[in-house]
Amino acid sequence: MKFKAIVADIDGTITCEKRELHLGAMKKIRSLKVPVVLATGNTLCYARTASRLIGLEGAVIAENGGAVTVRFDLQGTFEESLEECEKAYSFLSEYFKLTKLDPLYRKTEIALRRDFDLEKARALLKTQNLDIEMVDTKYAIHLKSTKINKGVGLQKLAGMMGLEAEDFVAIGDSENDVEMFEASGFGIAVANGDEKIKEAANYVTDASFGDGTVEAIEFLESNGWI
Ligand SMILES: O=C(O)COP(=O)(O)O
Ligand SMILES: [Mg+2]
């Protein structure tokens with residue numbers, strides 16, 4: 001097996017436990033010859049800044065696939081999905097006190113603080129005729145279109161880079177990374193990952209957080225897969 005690129009989740013994967021960047025993972029990523037794409041549930045400006053500060057090229061998937069850019073000098077592309085998310089938000093606001101995270105910068109979905117009953121909210125949302133789902137990343141709960149995810153974002157970005165999604169190894173830690181694992185050629189979950197991502201993974205590291213990403217890349221190198 002030989003892969004041409006890596007797509008790495010940000011929070012919980014290239015960070016430490018308290019969410020600060022993991023310096024060992026940064027160093028390892030910078031040493032790679034293959035392109036590294038960042039994929040996050042967070043906003044596009046967050047992803048682009050992280051890419052710049054890590055020393056990457058600006059190819060990022062943000063807002064769980066809703067926003068994508070291939071280089072720093074190009075504007076992003078944004079899916080038209082916010083309106084439907086707003087409808088779901090208005091409906092759920094009748095039952096819960098919800099807090100939006102970074103609404104000023106988020107253009108395709110809504111991220112919420114994790115301080116309400118998710119299972120109850122999911123059951124209520126099912127009674128509505130909306131193509132919206134709720135995804136828990138352990139950092140936020142995302143109200144997002146069922147048609148958009150990091151896997152769809154990876155297909156799109158891979159095309160822009162002249163690659164196939166299967167050319168990528170994906171590294172991640174939570175349920176918002178599952179579709180990205182499915183679209184990629186090989187998925188590696190870090191040890192702190194949730195059950196859903198570990199189930200979707202081809203390989204699970206022994207180490208957690210950024211140490212897990214270092215281990216994942218060393219595993220790929222030792223097999224000659226990158
Ligand atoms: O924004 C979040 O909720 C989590 O972000 P992540 O996809 O980089 O882990
Ligand atoms: Mg994550």
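Atoms within each ligand, like the ligands themselves, are counted from 1 in listed order.
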Below 3.5 Å, N or O to N or O, backbone or side chain included: is there any such pair between [X] and ligand 1?
{"X": "G12", "answer": "no"}
{"X": "N64", "answer": "no"}
{"X": "Y139", "answer": "no"}

| request: Assess K100 against Y89: is NZ or CZ under 6.0 Å from the centre of the six-membered ring, and within 45 degrees of the ring's axis? | output: yes
| message | Check for me whether R52 meets the cation-pi criterion with F72, that is, NZ or CZ under 6.0 Å from the six-membered ring centre and within 45 degrees of the ring axis. | response | yes
| Can you get from I14 to Y46 by hopping between Ile, Leu, Val, Met, Phe, Trp and Tyr side chains that sit under 4.5 Å apart? | yes
| remark: K150 heavy atoms within 4.0 Å reach ligand 1 at atoms 7 (O)
| note | Per-atom filter on ligand 1: closer than 4.0 angstrom to a heavy atom of I10 are 8 (O)
| Is the distance from the Mg ion (ligand 2) to the nearest N/O/S atom of D177 under 2.8 Å? | no
| task | Would you sort out whether E109 and L82 count as a side chain to side chain contact (heavy atoms under 4.5 Å, CB included), showing the intermediate values? | result | CA-CA 5 Å; E109 54 140 62; L82 188 57; 5.7 Å; no
| remark: the Mg ion (ligand 2) has as its nearest N, O or S atom from D9 the atom OD2
| Metal site angle (apex the Mg ion (ligand 2)), O from D11 and OD1 from D173, 10 degrees | 100°
| request: Could you see which bit of D11 sits under 4.0 Å from ligand 1, with heavy atoms only: side chain, backbone, both or neither? | output: both
| query | Where does N176 meet ligand 1, judged by heavy-atom distances below 4.0 Å: at the side chain, the backbone, both, or neither? | reply | side chain
| K138 touching ligand 1 at heavy-atom level, < 4.0 angstrom | no
| query | Hey, mind stepping through M134 and L125 against side chain to side chain contact (heavy atoms under 4.5 Å, CB included) and telling me if it holds? | reply | CA-CA 9 Å; M134 305 184 84; L125 193 56; 3.7 Å; yes
| query | Any luck finding a side-chain donor-acceptor pair between Y105 and N42 under 3.5 Å? | reply | no
| request: Determine, step by step, whether Y203 and F219 satisfy the ring-ring contact (aromatic ring centres under 6.0 Å, His included) criterion, reporting the C-alpha distance in whole Å, the side-chain angles of both residues, the deciding distance to 0.1 Å, and the verdict. | output: CA-CA 10 Å; Y203 183 78; F219 168 80; 3.8 Å; yes
